[in-house]
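Fair warning: this is a prediction, and the values are worked out from it, not measured in the lab. Counting starts at 1 for both ligands and their atoms, in listed order.
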Amino acid sequence: MPPRKIIIDTDPGQDDAVAILLALASPEDVTVLGVTAVAGNVPLPLTQKNALIVCELANMPDTKVYAGCDAPLARKLVTAEHVHGKTGLDGPQMDAPTMQLQAEHAVDYIIDTLREHEAGTVTLCPLGPLTNIAKAFQKAPDIVEKVQEIVLMGGAYFEVGNITPAAEFNIYVDPEAAKIVFDAGVPLVVMPLDVTHQALTTRARVDAFRALGTKVGDMVAAWTDFFERFDKEKYGSEGAPLHDPCVIAYLIDPTLFSGRQVNVEIETRSELTLGMTVADWWRVTDRKPNAMFMGTLNADGFFALLTERLARL
Ligand code: RIB
Ligand code: CA
């Protein structure tokens, strides 16, 4: 099977960073056509800079990185420095990047790439708010049918919200964008908190990163040491949930996950439940299923894969 061609749309964030490293370490499974930055965990100037930092950490300075939207489609940006720190990559000291951003806007890059490649051969991997993807679909509706699949991290059902009682951060930041993407009719695989909260960086798993004895292993361990304090305090969990790497792990080994093809709608009107992913998990409506909504993860298999691939960098 040839490697999947992907565009990673991201708001680094420590967990985004690990996802990008996993993708760049797995050329037999994924070809990263480009990385597009979006405002989310921290403002765009930082997410674009962090994307460059991570590509350089992977020693892949030829990776093409594009800056995208600096605010949601119709709302003020909400960020998550309380989770990721002021820089978005708090934990270890990071050198400023030397590689440059591409000149093209991320939204135009997404449009051009989908138009250039054979239809059905490019997968979009959003790891942050869906603003760039939605804007591309609005600006160039012809590209929607060209997308092979969207595999995204976002939403929650049984786990409910992490930024409000009802909503997960990526969807909450830009619910209008999420509605456009979930309603677009593109084959959709969703990694909600229901499954990412099973990907916890326990002490033994973080020690395995450090035991790699590489700069990448040390950085990932230091990021998770920083990133886990929020979830440990809030959930009393045994580590940080590595949300975004679940998207890339799915592309490498989908058998690590299981879920259901169900209908998922996005709340965009109620202030109380804004950004909620209303998943018809029990199929109590006749709404058309539009997403493979994941519910379980083989966590040991996930971390074994992640650690083995990070060791390559
Ligand atoms: O809710 C978790 C998601 O929000 C992750 O993608 C994390 O990086 C933040 O973007
Ligand atoms: Ca993210």
Do the side chains of Glu118 and Lys5 get close enough for a salt bridge, i.e. N-O under 4.0 angstrom? no
List below, pair by pair, the N or O atoms of ligand 1 and of the protein that are less than 3.5 Å apart, including the distance to 0.1 Å; reply 'none' if no pair qualifies.
unit_1: ligand 1; atom_1: 1 (O); unit_2: Asn162; atom_2: ND2; d: 2.8
unit_1: ligand 1; atom_1: 1 (O); unit_2: Glu168; atom_2: OE2; d: 2.6
unit_1: ligand 1; atom_1: 4 (O); unit_2: Asn170; atom_2: OD1; d: 3.1
unit_1: ligand 1; atom_1: 6 (O); unit_2: Leu127; atom_2: O; d: 2.8
unit_1: ligand 1; atom_1: 6 (O); unit_2: Asn170; atom_2: ND2; d: 3.0
unit_1: ligand 1; atom_1: 6 (O); unit_2: Asp244; atom_2: OD1; d: 2.7
unit_1: ligand 1; atom_1: 6 (O); unit_2: Asp244; atom_2: OD2; d: 3.0
unit_1: ligand 1; atom_1: 8 (O); unit_2: Asp15; atom_2: OD1; d: 2.7
unit_1: ligand 1; atom_1: 8 (O); unit_2: Asp15; atom_2: OD2; d: 3.1
unit_1: ligand 1; atom_1: 8 (O); unit_2: Asp16; atom_2: OD1; d: 2.8
unit_1: ligand 1; atom_1: 8 (O); unit_2: Asn41; atom_2: ND2; d: 3.1
unit_1: ligand 1; atom_1: 8 (O); unit_2: Asp244; atom_2: OD2; d: 3.2
unit_1: ligand 1; atom_1: 10 (O); unit_2: Asp11; atom_2: OD1; d: 3.3
unit_1: ligand 1; atom_1: 10 (O); unit_2: Asp11; atom_2: OD2; d: 3.0
unit_1: ligand 1; atom_1: 10 (O); unit_2: Asn41; atom_2: OD1; d: 3.3
unit_1: ligand 1; atom_1: 10 (O); unit_2: Asn41; atom_2: ND2; d: 3.2
unit_1: ligand 1; atom_1: 10 (O); unit_2: Asn170; atom_2: OD1; d: 2.8

Side chain to side chain donor-acceptor pair (under 3.5 Å) contacts touching residues 173-191 (sequence neighbours left out): Arg75-Glu176, Thr131-Asp174, Lys179-Asp183
If we count only N and O atoms by modelled type, under 3.5 Å, do the side chains of Asn50 and Thr47 hold a donor and an acceptor together? no
Would Asp225 and Arg210 pass as an ion pair if we require N to O under 4.0 Å? yes
Partners of Asp300 by salt bridge (charged side-chain N to carboxylate O under 4.0 Å, His left out), sequence neighbours excluded? Arg205
Does a donor on one side chain sit under 3.5 Å from an acceptor on the other, for Asn41 and His84? yes
Can you confirm if the NZ or CZ of Arg229 lies within 45° of the ring axis of Phe226 and under 6.0 Å from the centre of its six-membered ring? yes
Interatomic spacing from NZ in Lys64 to OG1 in Thr113 - rounded to 0.5 Å: 10.5 Å
Examine the side chains of Gln198 and Thr296 and answer whether a donor and an acceptor come within less than 3.5 Å of each other. no
Residue-atom pairs from the protein, N, O or S only, that lie under 3.0 Å from the Ca ion (ligand 2): Asp11 OD1, Asp16 OD1, Asp16 OD2, Leu127 O, Asp244 OD2
